[in-house]
Amino acid sequence: MSKVHVKTGDTVVVLSGKDKGKKGEVLAVSPKEGKVIVEKVNMVSKHVKPRRMGEPGGIIKAEGAMYASKVQLVCPRCKQPTRIGHKLYEDGSKGRICKKCGEEI
């Protein structure tokens, strides 16, 4: 099982692709595939068939999954895209820190 550097709820910026430069919140993370789903980024058209009587069908827009390596975390304090560092505390817990400003994320 592989690890992903972002968590659900983090604000990220897209580094490459058609949505380069867009910011959004991580909605879901799939560590097994190494992919993330970011809010309002990588929108795809999905053809939906009506399942019940009276339920509408049609084409809806939904967020598609993208590789986690294409996104970078935005620090909540300095508001800049940054790499993540890890820090061990005295009580044995581990925390994420911003590589640019040193603030805990």
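- Residues P31 and S2 come closest through the heavy atom pair O-OG, 2.8 Å.
- Closest non-hydrogen pair, I105 versus I97, comes out as CD1-C, 3.9 Å.
- Around atom NZ of K18, more than 12 heavy atoms belonging to other residues, nucleotides or ligands sit under 6.0 Å away.
- Grouping the Ile, Leu, Val, Met, Phe, Trp and Tyr side chains by contacts below 4.5 angstrom, directly or via other members, places V74 apart from I84.
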Original post:
Is there a side-chain contact (heavy atoms from CB on, under 4.5 Å) between D19 and M66 once you walk through the steps?
Top reply: CA-CA 11 Å; D19 294 317; M66 62 191 314; 5.8 Å; no

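- Here the CD1 atom belonging to I37 is positioned 7.5 Å from the CD atom belonging to E63, to the nearest 0.5 angstrom.
- Judged by distance alone, with hydrogens and angles left aside, the side-chain atoms of H5 form a donor-acceptor pair with the main-chain N or O of V71 at under 3.5 Å.
- Smallest separation of non-hydrogen atoms from Y67 and E33: CE2-O, 4.1 Å.
- Atom-to-atom distance recorded for L73:CG and T11:OG1 is 7.5 Å, nearest 0.5 angstrom.
- To the nearest 0.5 Å, the span separating CZ on R96 from OG1 on T82 amounts to 11.0 Å.
- We find the CD-CE distance between E55 and M53 to be 11.5 Å, quoted to the nearest 0.5 Å.
- Using a distance-only test at 3.5 Å, with no hydrogens or angles considered, no donor-acceptor pair links the side chain of D10 to the main chain of V26.
- Counted within 6.0 Å of NZ on K40, heavy atoms from surrounding residues, nucleotides or ligands total 12 or fewer; the atom is thus considered open.
- Taken from NZ in K100 to SG in C75, the straight-line distance is 9.5 Å, to the nearest 0.5 Å.
- Atom CD of Q72 is separated from atom CD of Q80 by 10.5 Å, given to the nearest 0.5 angstrom.
- Taking each heavy atom of A65 and K35 in turn, the nearest pair found is CB-CD, 4.0 Å.
- Nearest heavy atoms, S45 versus I59: CB-CG2, 3.8 Å.
- Counting all heavy atoms, side chain and backbone alike, V4 lies closest to A68 at CG1-CB, 3.6 Å.
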